[in-house]
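Below, chains carry the letters A, B, ... as their sequence lines are ordered, and counting in each starts from 1. Values below: all heavy atoms of this structure, side chains included; hydrogens, waters and symmetry mates excluded.
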Amino acid sequence: MASVSESKKACTVNPLKMSQPLGACFAFMGMDNCMPMMHGSQGCTSFGLVLLVRHFKEAIPLQTTAMNEVSTILGGLENIEQAVLNIKKRANPSFIAIASTGLTETKGDDVDGYLKLIHRKHGETLAGTRIVYVSTPDYVGAFEDGWAKAVTCVVDAFAEPCEARDPQQINLLPGCHLTAADIDELREIIASFGLKAIVLPDISGSLDGHIPENFTPTTLGGTTLAEMQRMGASVATLAIGSHMSAAAMALEERSGVPYRVFERLTGLGAVDELMGYLSELSGQPVAAKYRRQRGQLQDAMLDAHFWIGSRKFAIGAEPDLLAALTWTAYEMGGEVLAAVTTTPSPVLAGLPCAEVLIGDLEDLETRAKASGCEILLTHSHGRQAAERLAIPLLRTGLPMFDRLGASHVLMVGYRGTRELITHWANSLLEAEHQAKPEDWPLNAESLAAARGMSPPASSCGSGGCGCAASPSHEQSETHLSQELQP
Amino acid sequence: MDARVSAKIQDVFEEPACEHNQNKSAKEKKKGCTKQLSPGAAAGGCAFDGAKIALQPIVDVAHLVHGPIACEGNSWDNRTSFSSGSKLYRTGFTTDINELDVIYGGEKRLFKSVKEIIEKYDPPAVFVYQTCVTALIGDDIEAVCKKASEKFGKPVIPVNAPGFVGPKNLGNKLGAEALLDYVIGTEEPDYTTPYDINIIGEYNLSGELWQIKPLLDALGVRILSCISGDGRYKEVAYSHRAKASMMVCSKSMINIARKMEERYDIPFFEGSFYGIGDMSETLREIARLLIQKGAPEDLRDRTEALIAIEEKRAFERIAAYRPRLEGKKVLLITGGVKSWSVVAALQEAGLEVVGTSVKKSTKEDKEKILEIMGQDAHMIDDMTPREMYKMLKDAQADIMLSGGRSQFIALKAKMPWLDINQERHHAYAGYEGMVELVQEIDKALYNPIWEQVRKPAPWELATASI
């Protein structure tokens with residue numbers, strides 16, 4: 001059990017957190033033929049866009065209502081209207097997905113109202129393009145919250161109750177910490193039970209690094225409207241990460257599809273649970289491929305525990321990613337001595353570490369230093385801290401701008417867990433201390449005794465018992481050198 | 001709008017040294033250089049972004065962003081502006097205001113934040129950046145900074161360029177105004193020489209300043225202050241003691257150059273480090289202005305001697321690539337000076353420039369293009385991503401040189417691409433830089449991957465039975 005507290009500082013130093021609207025727009029990028037848009041000043045979009053471009057090394061569709069001071073004060077109706085019409089004309093997407101920002105929320109724009117007016121006025125022009133809106137002020141919550149709210153909004157907007165259930169179909173609601181590779185892996189696992197998953201949002205379709213045949217300004221790949229409308233026919237919904245429970249619940253309310261939240265799918269026990277659940281749901285046995293993979297994971301755990309056991313971890317990540325990493329480190333015998341996250345979440349209190357702080361990377365660095373952490377897990381912004389701490393940084397989560405392959409990092413399933421712990425073990429192995437001749441000096445007392453001198457005086461007589469009264473190393477050194485004077 | 005910001009913006013818009021501005025009617029001038037943005041079809045950063053770009057390269061200062069997490073949390077430590085010393089500029093400081101701050105005001109949190117920074121990091125100065133939300137709720141950062149300066153005995157500088165007042169370019173200038181109002185002229189250098197210059201508007205991206213510095217060092221010219229690449233607070237504070245200034249021609253900080261001339265009688269010229277001819281011209285201008293201000297005359301001859309040797313060395317090395325690059329077609333999508341200044345070097349290497357964008361170029365830039373490339377010069381005014389993609393896909397160009405924004409247009413068309421804008425990882429300034437640019441073009445064009453990625457899949461072959 002962990003005590004969860006918030007940093008008391010006035011100034012955030014080296015932010016771990018990113019903003020809600022960016023998380024929301026990232027979720028919208030998992031919808032097919034979609035143009036996400038931030039309702040705010042153009043900088044809001046520009047910063048978010050650059051961040052995602054650097055993470056994915058892909059063109060990122062993200063537009064802005066380009067609010068300025070005057071339009072903010074007068075209200076953003078005109079800007080939204082123009083933006084929607086412009087996007088429709090230039091890109092004709094299936095979806096225009098809007099997230100508000102701190103600026104327009106401070107003003108208090110009634111975007112839902114605006115959209116009704118716009119529909120009334122331009123209904124015909126906008127036919128074929130669905131517009132969805134989510135309220136995500138920058139000064140509340142974090143990236144993960146924005147993603148969760150956006151998915152809930154999409155469910156509310158497009159999921160429908162269906163008359164007949166398809167016993168072969170399930171819904172998968174991945175959290176924002178899952179990569180394209182994670183989603184692909186889960187889809188395959190689910191398929192091995194004879195089930196088909198509708199994934200929402202599906203960034204494995206849109207941000208997996210494909211080369212389209214033609215230039216497209218919107219997302220290419222991701223969940224389609226038809227798929228969203230069919231979600232109500234599924235036999236179950238799997239939500240991955242506790243921040244996806246609200247969306248799963250909303251889906252159940254709308255369509256009666258029961259859900260199950262898996263807080264994480266990294267770690268032997270966690271994956272076992274998923275396999276058991278899917279097997280029961282489908283009435284199918286676990287495929288031979290995964291039985292083998294389970295064995296391989298067990299073997300990797302045996303090999304890796306030498307390196308991970310008792311090692312001190314410092315982890316900075318959004319709540320559900322933090323949970324997956326902290327549990328996995330704990331289950332491998334590691335100790336998480338510094339854990340920092342971005343926003344409150346029900347998963348935090350149950351984590352197997354003493355303390356979780358809602359704070360920044362400065363907090364993480366200070367704690368890692370104080371407790372002598374040996375490995376740092378956080379996003380690329382941890383690079384300066386890792387350098388100062390002189391410990392390995394394993395880039396985990398978003399953004400990962402100074403490494404390639406962010407979409408293809410696999411962390412879920414037996415295979416993903418195996419890859420993750422092997423990666424950790426390898427880094428620790430590389431940072432392993434090579435013994436030197438001076439690593440095991442004798443203590444002063446033994447040294448004196450061996451040289452036929454009387455032991456240094458102290459209250460308990462020996463000083464070797466480690467009691468508070470024992471002379472410090474430095475003192476005994478002086479003592480000894482004095483005695484050694486001719 | 002905060003009356004002070006509004007007055008500043010008008011002031012910046014009326015910049016007399018901006019030729020672009022001088023050609024406008026009085027009415028147009030009043031509207032300023034803010035192009036009306038088109039919602040849903042806009043790209044580019046905000047004024048806050050621009051101010052941060054302009055000032056963050058001052059490396060020993062703590063740059064504190066007063067606003068919600070988006071402004072700093074989504075963007076910090078994302079540039080390749082290098083430092084030869086302090087790394088404090090790479091630390092992300094933000095007040096990360098919450099809902100209660102929005103309701104009750106964020107001034108107290110800002111003041112406490114400054115205090116924490118000074119206690120923990122003890123920088124020579126703190127720069128406080130205003131953002132949209134805190135501007136909208138009326139946080140008076142000037143007042144907080146003034147109070148904090150008095151209380152902590154350290155310069156705390158307000159940078160009043162909230163994102164929603166305009167684009168990045170305006171922010172550059174508002175950032176520059178903060179330096180003029182609060183920093184420049186507040187300290188004195190230990191000593192001065194007749195060879196002291198300022199370089200204004202150079203951000204030391206990928207260390208480009210260090211491609212130029214050895215040339216100046218060799219001539220005995222001292223960079224008293226670079227505003228702002230690899231800059232130190234103190235250096236900016238005493239930059240008013242320079243004998244001459246070079247304004248790097250992006251014009252991003254033209255107001256600093258002109259107002260320093262007005263206030264401190266420091267003459268300036270507009271120059272570029274990009275392109276061999278431009279580099280030489282820049283060195284000549286520096287020498288000319290320094291001599292005009294009293295530096296010994298021999299500087300001119302030494303400069304010419306250096307230019308002769310450096311140009312020869314550079315052109316010889318570039319010519320070596322000629323057999324490999326002859327006739328290869330380059331599409332140059334950049335703006336302003338770079339739309340022509342690198343062309344000579346590319347032509348020297350045998351490359352043919354099949355198009356150059358002039359969207360951000362001035363009339364003079366366009367004349368230069370005609371002069372260098374002749375009447376056949378293909379000037380591209382505004383090319384949509386789709387058109388760029390098509391041009392590359394149809395192999396009307398062999399390589400595209402552009403900024404990161406259009407990177408994937410080229411790569412997804414399976415065509416070579418080279419970054420020549422601010423996020424680039426290579427330094428292309430001066431003589432060394434041009435050689436490096438040609439080297440990089442060669443490296444990109446001759447990479448064996450192009451042939452492989454363009455190869456059809458086995459199942460796409462007509463004869464395949466797969």
Side-chain angles (χ1 to χ4, degrees), chain A residues 9-19 21-22 37 40-48 50-51 53-54 57-59 63-69 72-73 78-80 82-87 90 101-103 106-107 137-140 142 211-212 214-215 217 360-362 381 384 401, chain B residues 1 37-49 64 67-78 87 90-99 101-102 109 112-117 120 132-133 136-137 162-167 385-386 389-390 404 407-409 412-414 453:
Chain A
K9 301 184 299 188
C11 183
T12 292
V13 183
N14 295 336
L16 172 68
K17 184 168 71 170
M18 292 167 300
S19 72
L22 184 56
M37 173 163 71
S41 98
Q42 59 171 339
C44 305
T45 288
S46 168
F47 286 138
V50 170
L51 184 112
V53 166
R54 294 175 79 213
K57 320 279 186 281
E58 293 289 333
Q63 260 305 331
T64 171
T65 55
M67 297 293 285
N68 60 32
E69 193 162 23
T72 301
I73 291 161
E78 259 181 56
N79 284 55
I80 293 184
Q82 271 186 48
V84 163
L85 293 176
N86 261 332
I87 293 171
R90 287 172 157 233
T101 61
L103 178 64
T106 304
K107 155 64 175 57
D138 290 295
Y139 44 77
V140 177
I211 302 183
N214 259 308
F215 180 79
D360 55 36
L361 290 173
E362 185 194 52
H381 280 304
Q384 294 185 54
F401 50 75
Chain B
M1 187 186 298
L37 291 166
S38 180
C46 59
F48 155 70
D49 191 9
L64 168 61
I69 193 65
C71 308
E72 181 71 352
N74 294 355
S75 77
W76 68 287
D77 194 19
N78 71 350
K87 297 272 191 284
R90 286 183 59 199
T91 303
F93 296 105
T94 174
T95 50
D96 181 12
I97 58 159
N98 59 34
E99 211 161 12
D101 296 320
V102 173
R109 179 185 289 274
K112 276 177 74 183
S113 294
V114 173
K115 181 168 182 268
E116 286 176 9
I117 290 171
K120 273 189 284 193
C132 300
V133 173
L136 194 65
I137 62 173
F164 61 12
V165 300
R386 207 186 291 268
Y389 179 87
K390 193 172 180 319
Q407 169 177 3
F408 301 102
I409 296 169
K412 299 290 182 188
K414 299 173 183 171
V453 296

Lys412(B) versus Pro212(A), closest heavy-atom pair with distance: CD-CD, 3.9 Å
Region of Glu362(A) in contact with chain B, defined by heavy-atom distances below 4.5 Å: side chain
Heavy-atom side-chain contact between Arg386(B) and Pro217(A) under 4.5 Å: yes
Side-chain heavy atoms of Cys11(A) within contact of Ile117(B), under 4.5 Å: yes
Heavy atoms from other residues, nucleotides or ligands near CZ of Arg90(B) exceed 12 (cutoff 6.0 Å): yes
Atom pair CD (Glu58(A)) and CD (Gln407(B)), whose distance is rounded to the nearest 0.5 Å: 9.5 Å
Lys17(A) NZ to Glu72(B) CD distance, which is reported to the nearest 0.5 Å: 13.0 Å
Under 4.5 Å from a heavy atom of chain B, the part of Leu361(A) involved: side chain
Under 3.5 Å: donor-acceptor pair, side chain of Asn74(B), backbone of Cys44(A): no
Under 4.5 Å from a heavy atom of chain B, the part of Leu22(A) involved: side chain
Engaged part of Lys414(B) at the chain A interface, taking heavy atoms whose separation is under 4.5 Å: side chain
Nearest-0.5 Å distance that lies between atom CG in Asn68(A) and atom SG in Cys132(B): 10.0 Å
Closest contact, heavy atoms only, Ile69(B) versus Asp138(A): CG2-O, 3.7 Å
Structural part of Val13(A) lying under 4.5 Å from a heavy atom of chain B: both
N/O donor-acceptor pair under 3.5 Å between Asn14(A) side chain and Gly92(B) backbone: yes
Crowding at NZ, Lys9(A) (>12 non-hydrogen neighbours, <6.0 Å): yes
Chain A contacts, top residue of Cys71(B), Ser113(B), Gly163(B) (heavy-atom pairs, under 4.5 Å): Ser113(B)
Among Gly40(A), Gly43(A), Pro21(A), residue most engaged with chain B (heavy-atom pairs, under 4.5 Å): Gly43(A)
Chain B contact via Thr64(A) - side chain, backbone, both or neither, heavy atoms under 4.5 Å: both
Any Pro15(A) side-chain heavy atom under 4.5 Å of Asp96(B) side chain: no
Nearest atoms (heavy-atom pairs only) where Gln82(A) meets Pro39(B): OE1-CD, 3.1 Å
Counterpart residues, ring pair (Phe, Tyr, Trp, His ring centres under 6.0 Å), relative to Phe408(B) (two or more places apart): none
Point-to-point distance, once rounded to the nearest 0.5 Å, from CG of Leu136(B) to NZ of Lys107(A): 9.0 Å
Under 4.5 Å from a heavy atom of chain A, the part of Tyr389(B) involved: side chain
Region of Thr12(A) in contact with chain B, defined by heavy-atom distances below 4.5 Å: both
Residue pair Gln42(A) / Gly45(B): nearest heavy atoms and the distance that separates them: NE2-O, 3.1 Å
Winner by heavy-atom pair count (cut-off under 4.5 Å) against chain A, out of Lys390(B), Lys120(B), Lys112(B): Lys120(B)
Under 4.5 Å from any heavy atom of chain A - which part of Lys115(B): neither
Between Asn214(A), Val84(A), Thr45(A), Asp360(A), the one whose heavy-atom pairs under 4.5 Å with chain B are most numerous: Asn214(A)
Test item: Glu116(B) side-chain N/O and Ala10(A) main-chain N/O as donor-acceptor pair under 3.5 Å: yes
Value rounded to 0.5 Å, distance of CE in Met67(A) from SG in Cys46(B): 14.0 Å
Residue selection (most heavy-atom pairs with chain B, distance under 4.5 Å) from Arg54(A), Met18(A), Arg90(A), Gln63(A): Gln63(A)
Whether Phe48(B) and Phe47(A) hold their rings parallel, tilted or perpendicular, with breakpoints at 30° and 60°: perpendicular
Val102(B) to Thr106(A) - nearest heavy-atom pair and separation: CG1-CG2, 4.0 Å
Heavy atoms of other groups near Lys57(A) NZ, more than 12 under 6.0 Å: yes
Flag side-chain contact, heavy atom, 4.5 Å: Phe164(B) against Leu103(A): yes
Minimum heavy-atom distance between Asp77(B) and Phe401(A), given as atom pair plus value: O-CZ, 4.4 Å
